[in-house]
Amino acid sequence: MSSGLSTVLNILTKWHCTPQQAINILHLQANEPFPEYLSEEQLQRVSYVLNIHTSLTTVFKDSDNVYGFMTQPNNDPCFAGHTPLELIGSGDLTALEQTCWHIDSMRVA
């Protein structure tokens, strides 16, 4: 398993992702071993998770907020009362991308 994938799985665990959410977010196949090589889309998903995490560590100094943000309902129009994890946990690549860019924009706000 690549170190990037290992790091992302650690982040997803700290975000309290369910196994199914992690599978959806990373577009993995359930009940199969981790792939030796990730597809371009899977690499893109790994990158989004890493970028979200980096943005959260920039916005928040407290680790409870860094890891808790993803499970907190959010009334921002981007999240419409849902948790960011609910949105990206669907596995929708567009939701993952939008969540990444929205959280990144919080760094400059």
Side-chain angles (χ1 to χ4, degrees):
M1 177 177 3
S2 75
S3 63
L5 181 57
S6 178
T7 300
V8 165
L9 290 172
N10 187 38
I11 291 167
L12 293 176
T13 298
K14 290 182 178 184
W15 286 352
H16 302 286
C17 280
T18 66
Q20 188 60 55
Q21 286 173 318
I23 287 168
N24 293 346
I25 291 166
L26 298 174
H27 204 252
L28 299 172
Q29 298 300 312
N31 300 321
E32 289 187 20
F34 290 113
E36 184 174 343
Y37 300 100
L38 297 177
S39 69
E40 285 298 317
E41 180 180 332
Q42 289 168 323
L43 289 171
Q44 186 177 20
R45 290 168 177 273
V46 164
S47 177
Y48 284 138
V49 172
L50 292 171
N51 286 325
I52 289 169
H53 177 68
T54 299
S55 294
L56 290 173
T57 60
T58 302
V59 172
F60 301 112
K61 301 305 175 205
D62 182 339
S63 66
D64 289 341
N65 291 329
V66 169
Y67 296 107
F69 179 85
M70 296 300 288
T71 60
Q72 297 299 313
N74 194 309
N75 289 323
D76 185 281
C78 180
F79 303 116
H82 297 282
T83 71
L85 187 55
E86 285 176 315
L87 295 179
I88 70 170
S90 70
D92 179 49
L93 183 58
T94 301
L96 181 58
E97 179 182 27
Q98 289 174 343
T99 299
C100 179
W101 297 128
H102 181 75
I103 292 173
D104 183 61
S105 74
M106 292 169 43
R107 295 184 321 154
V108 295

* Considering only heavy atoms from C-beta outward, does the side chain of I52 approach that of I11 to under 4.5 Å? -> no
For E41, the salt bridge (Lys or Arg N to Asp or Glu O under 4.0 Å) test, sequence neighbours excluded, returns R45
In terms of heavy-atom contacts, D64 and D62 come closest through N-OD1, 2.8 Å
Hits for side-chain hydrogen bond (donor to acceptor under 3.5 Å, both in side chains) against Q20, two or more places apart or cross-chain, chain-then-number order -> N24
So the ring pair (Phe, Tyr, Trp, His ring centres under 6.0 Å) pairs with at least one residue in residues 4-25 (sequence neighbours excluded) are none
**Prompt:** Is M106 close to F60 at the side-chain level, that is, under 4.5 Å between some pair of heavy atoms?
**Reply:** yes
Residues N51 and C100: closest non-hydrogen pair is CB-SG, 3.6 Å
In short, salt bridge (Lys or Arg N to Asp or Glu O under 4.0 Å) pairs touching residues 67-89 with sequence neighbours left out are none
Salt bridge (Lys or Arg N to Asp or Glu O under 4.0 Å) pairs touching residues 89-106, sequence neighbours excluded, are D104-R107
> Does a sphere of radius 6.0 Å around NE2 in H27 hold more than 12 heavy atoms from other residues, nucleotides or ligands, not counting ones at 6.0 Å or beyond?
Replying inline: no
All heavy atoms of N75 vs all of G81, minimum pair found to be OD1-CA, 3.7 Å
By side-chain hydrogen bond (donor to acceptor under 3.5 Å, both in side chains), T99 pairs with (sequence neighbours left out) none
